[in-house]
Number of protein chains: 2
Amino acid sequence: MEQQSRLAGTVRPGGRTARTRAAVLEATQDELVECGFHGLNMDRVAAKAGVGKTTVYRRWGDPAGLVTDLMAELAESSAPHADTGGIEGDLLANALNVLGAVTDPRLGATFQAVIAAATGNEAAAAALNDFYLRRIRAWAPVVDRAVARGELPEGTDGMEVIRAVSAPLYYRLLVTREPVDEKVAEHAAARALAGARAGAFT
Amino acid sequence: MEQQSRLAGTVRPGGRTARTRAAVLEATQDELVECGFHGLNMDRVAAKAGVGKTTVYRRWGDPAGLVTDLMAELAESSAPHADTGGIEGDLLANALNVLGAVTDPRLGATFQAVIAAATGNEAAAAALNDFYLRRIRAWAPVVDRAVARGELPEGTDGMEVIRAVSAPLYYRLLVTREPVDEKVAEHAAARALAGARAGAFT
DNA sequence: GGCCAAACGGGACTGCTGTTCCATTAATGC
DNA sequence: GCATTAATGGAACAGCAGTCCCGTTTGGCC
């Protein structure tokens, strides 16, 4: 049932195989937007992608395999961090970046699907961990630069500050299910900054 | 397919009906610990509870209905907040309380299941929102008392501070899938406190 | 204690998910 | 270009989740 879904191990990654994968992942995202993860249907994905359902089952195994591959795909194409010249602007940019991602219909549906899939699926959990670790590492330098500029205390943990900015947004989105908007994003950035200035992240 | 799962609307809530519900919810939690939400099987739950599977389908409809009812049950029996005499101890107690809940095998499995169910199920999402709103309201007074004692700035938003303590724990648990331990809990409490003292929660 | 209807239980049934088999297509290496 | 074989597609098949029907049990009420 469980099987590797990454294209990496295939012997013939070019041409048809790559086209099939692109079409299937595209169709998967469409389905996620319409039906969510729990409504993700392998047959419909295959039909919408224009490939045989045998192919989908063989290469991805189950819905969790599809969203795991989708997440791996997103991990490749991560945008670089901002540089507004000051830590306040950089953290706000990070918060708005997260807000934009979870608010975007396609991306938001994908993130929620992977998070749902990751409860009880080791591969999906690993893909999720990989994605966010990359993202946090990519943004941590904005904190390091602020430390170098003297805006934040020496020894401030950049990755922890970045985590602190994202956490409230995801907490509301996933746990309390309260609305997530610009105000929440601004507060998240401001509070992480206040904690960092107070030396709570050293 | 979707149907109300709460016992509230039943005409005969006593005797057999209540026993059936208790047995089914107990069996559901057992299954969640063993198989997780995606492996939750209505037939096995019915068998383990010693009731007919028709009954389970009729009253709860689907796995999401089961975990939603379970969450509603947990919402009833919420523990009162701590009172250590100081805001630092109270917030730490809150963080350790959350840590204990998500670390406990039965509770943790239940929370993760409801969170997974809530992506794409309105009833589960509502139960989740209700549970956490109750919990946050129950703990907010520790902040209000601290403000009254002069430990925190006037106008500090108690509910927001409580949210800020929980958020990093759930963020790690659900999103980045990093380990959650006492150190993380202590940091979460300390950073929320630092932000509050700096006036970031007013 | 007895009546009535709500709630339950068992078993047959159905449709869909996921598998298997084999023929067909096309990517790779020469 | 041509041979090899990885990868795909279609169709038949199997198993189980979820539904339906109807007889049985039991809680609420007088």
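Values below: all heavy atoms of this structure, side chains included; hydrogens, waters and symmetry mates excluded. Naming convention: chains lettered A, B, ... in sequence-line order (proteins, then strands); numbering from 1 in each chain.
Between A:Ala125 and B:Arg177, the shortest heavy-atom contact is CB-CD, 3.7 Å. Contact record, A:Val175 with B:Leu128: O-CG, 3.1 Å, taken as the closest heavy-atom pair.
In this structure, A:Arg59 reaches the D:dT8 phosphate: one of its side-chain N or O atoms is under 4.0 Å from OP1 or OP2. Taking only side-chain nitrogens and oxygens, B:Arg21 never comes nearer than 4.0 Å to OP1 or OP2 of C:dA7. Between A:Asn41 and C:dT17 there is a side-chain polar atom (N or O) within less than 4.0 angstrom of OP1 or OP2.
For A:Thr54, counting side-chain heavy atoms from C-beta on, the closest listed nucleotide (C:dT20, D:dA17, D:dT8) is C:dT20. Side chain of B:Thr55, nearest nucleotide from C:dT17, D:dG9, C:dG9: C:dG9.
Between the base of D:dG18 and the side chain of B:Lys53 there is a donor-acceptor pair shorter than 3.5 Å. Between the side chain of B:Thr17 and the base of D:dG27 there is no donor-acceptor pair of N/O atoms closer than 3.5 Å.
Taking the six-membered ring for Trp and thresholds of 30 and 60 degrees, B:Tyr170 and B:Tyr132 have ring planes more than 60 degrees apart, a perpendicular arrangement.
Atom OH of B:Tyr57 and atom P of C:dT14 are 17 Å apart (whole Å). Going from atom CG of A:Asp43 over to atom P of D:dA11 covers 14 Å, rounded to whole Å. Atom CG in B:Leu66 sits roughly 14 Å away from atom C1' in D:dA17 (whole-Å rounding).
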Between the protein and nucleotides 22-25 of chain C, which nitrogen or oxygen pairs are less than 3.5 angstrom apart?
| residue | atom | partner | partner atom | Å |
| --- | --- | --- | --- | --- |
| C:dT25 | O2 | A:Arg16 | NH2 | 3.2 |

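Mapping B:Gly52 and A:Met42 onto DNA chain C via the closest heavy atom, the residue that lands nearer the 5' end is B:Gly52.
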* Stepwise, does the side chain to side chain donor-acceptor pair (under 3.5 Å) test hold for A:Asn129 with B:Arg172? -> CA-CA 9 Å; A:Asn129 176 269; B:Arg172 275 189 170 71; over 6 Å; no
* What's the verdict on side-chain contact (heavy atoms from CB on, under 4.5 Å) for A:His81 and A:Asp90, showing C-alpha distance, side-chain angles and the deciding distance? -> CA-CA 8 Å; A:His81 63 75; A:Asp90 286 351; over 6 Å; no
* **Audit row: B:Leu152, B:Ile87, side-chain contact (heavy atoms from CB on, under 4.5 Å) steps and yes/no** => CA-CA 9 Å; B:Leu152 292 176; B:Ile87 185 63; 4.0 Å; yes
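In this structure, B:Glu34 places its CD atom where more than 12 heavy-atom neighbours from other residues, nucleotides or ligands lie under 6.0 Å away.
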